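Working notes, structure below.
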Amino acid sequence: MLSIVILISGRGSNMEAILKARLPLDIRAVIANRPDAGGLQTAAAAGCATEVVDHTLFSSRDAFDNALAARIDHHRPDLIVLAGFMRILGRAFIERYPNKILNIHPSLLPAFPGLHTHRQALEAGVRIHGATVHIVTPELDAGPILAQVAVPVAADDDEDSLGARVLRQEHVIYPAVLRRLAENVTSIGETGVVLRGARRVEQLDASGEKLISL
Ligand code: GAR
């Protein structure tokens, strides 16, 4: 069975959606970079092992990355799943786990990388916004796209209403991608996880309920 470690920074609603989906995955631990991350309690209540690697206790980004890598390596996961993990990871960390780190980003990448994606979308006047699940590479929010979900922008949207609409779809698409990986990984080796159809693009069907592959 594919094994994962989930990294969070805050409330952990994407992590919760993954846990609730009861995927055929071995979730070895949920690790937060902040001791007050609300998702830690949710994970513990669901029976997951939880850990904290508090980034404020480290004098440099590399020192934090190394401590985080040590905790991850202890669990020997096949994949590292970033779910609202808001620390930028250094090149050395990312290159240590080639093709093994996944992230969900609240925009249709390559549009609106970085922070405040819903504000960026409203300011740009786009009519379609969304979320992207991608493989993490050293360039921020630029790795190969595994799946995207489109979300309409309403005329009266503000950041909160648009963000809430996107988040509901994040909770659909991330578990769906992980299910695909859990069921389709063909091998796991030095160069990471080898997938069938790694660049598959997905969208919601007309009912808005079901993911379909393109
Ligand atoms: C989610 O919207 C996620 O896409 C975003 O942070 C939120 C975390 O919510 N992640 C990023 O912006 C990563 N750059 P959650 O803690 O409730 O899952």
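In each ligand, atom 1 is the first atom listed, and ligand 1 is the first ligand listed. This structure is a prediction, so every number in the text was calculated from the model and none was measured.
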So if I count the atoms of ligand 1 from 1 in the order they appear, which ones are less than 4.0 Å from some heavy atom of [X]?
X    : answer
H105 : 14 (N)
G12  : 15 (P), 16 (O), 17 (O), 18 (O)
L167 : 2 (O)

Q. Does the side chain of H171 pick up a donor-acceptor pair with the side chain of S13 at under 3.5 Å?
A.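 Distance-only check passes for H171 and S13.
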**Q.** Side chains of H116 and E123, donor plus acceptor under 3.5 Å
**A.**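 No donor-acceptor contact under 3.5 Å links the two side chains.
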Q) Hey, does M86 sit under 4.0 Å from ligand 1 if you only count heavy atoms? A)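 Right, M86 reaches ligand 1.
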(Q) Between ligand 1 and I104, can you find any atom pair, the residue atom being a heavy atom, that is separated by under 4.0 Å? (A)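 Yes, that is the case, since the closest heavy atom of the residue is under 4.0 Å from the ligand.
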Looking only at protein heavy atoms, identify the closest one to [atom] and say how far it is in Å.
atom                    : result
atom 9 (O) of ligand 1  : R11 NH2, 3.2 Å
atom 8 (C) of ligand 1  : G84 CA, 3.5 Å
atom 15 (P) of ligand 1 : S13 N, 3.4 Å
atom 12 (O) of ligand 1 : P106 CD, 3.4 Å
atom 2 (O) of ligand 1  : E170 OE2, 2.9 Å

Q. Taking the inter-plane angle between the rings of H55 and F64 on a 0 to 90° scale, is it parallel (under 30°), tilted (30 to 60°) or perpendicular (over 60°)?
A.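 Perpendicular, since the angle between the ring planes exceeds 60°.
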Q) With sequence neighbours excluded, what pairs up with T56 under the side-chain hydrogen bond (donor to acceptor under 3.5 Å, both in side chains) test? A)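 With sequence neighbours excluded, T56 shows a side-chain hydrogen bond (donor to acceptor under 3.5 Å, both in side chains) to D54, given in chain and number order.
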Q) Polar-atom distance check: N103 versus ligand 1, any N or O pair below 3.5 Å? A)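 Between N103 and ligand 1 (N or O atoms, distance only) the closest approach is not under 3.5 Å.
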Q: Take H105 and H134 through the test side-chain hydrogen bond (donor to acceptor under 3.5 Å, both in side chains) and record every step on the way to the result.
A: CA-CA 8 Å; H105 181 80; H134 66 97; 5.6 Å; no
Q) Which of these, V149, I104, V81, sits in a side-chain contact (heavy atoms from CB on, under 4.5 Å) with V133? A)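 Single side-chain contact (heavy atoms from CB on, under 4.5 Å) partner of V133 among V149, I104, V81: I104.
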Q: Heavy-atom distances under 4.0 Å are what count here, so tell me which part of M15 touches ligand 1: side chain, backbone, both or neither.
A: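 Neither part.
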Q. Do the side chain of R61 and the main chain of I88 share a donor and acceptor less than 3.5 angstrom apart?
A.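 Indeed, once roles are kept as given, a pair shorter than 3.5 Å links the two residues.
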Q.
Please check this pair: side chain of S107 against backbone of T117, looking for a donor-acceptor N/O pair closer than 3.5 Å.
A.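 Checking the backbone N and O of T117 against the side chain of S107, no donor-acceptor pair under 3.5 Å is found.
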Q: Check R165, E159, H129 against H118 for a side chain to side chain donor-acceptor pair (under 3.5 Å) and give me the one that passes.
A: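 Only match with H118 under side chain to side chain donor-acceptor pair (under 3.5 Å): H129.
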Q. Of the choices I8, L115, D141, N14, which has the non-hydrogen atom that lies closest to atom 18 (O) of ligand 1?
A.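 Result: the heavy atom closest to atom 18 (O) of ligand 1 is in N14.
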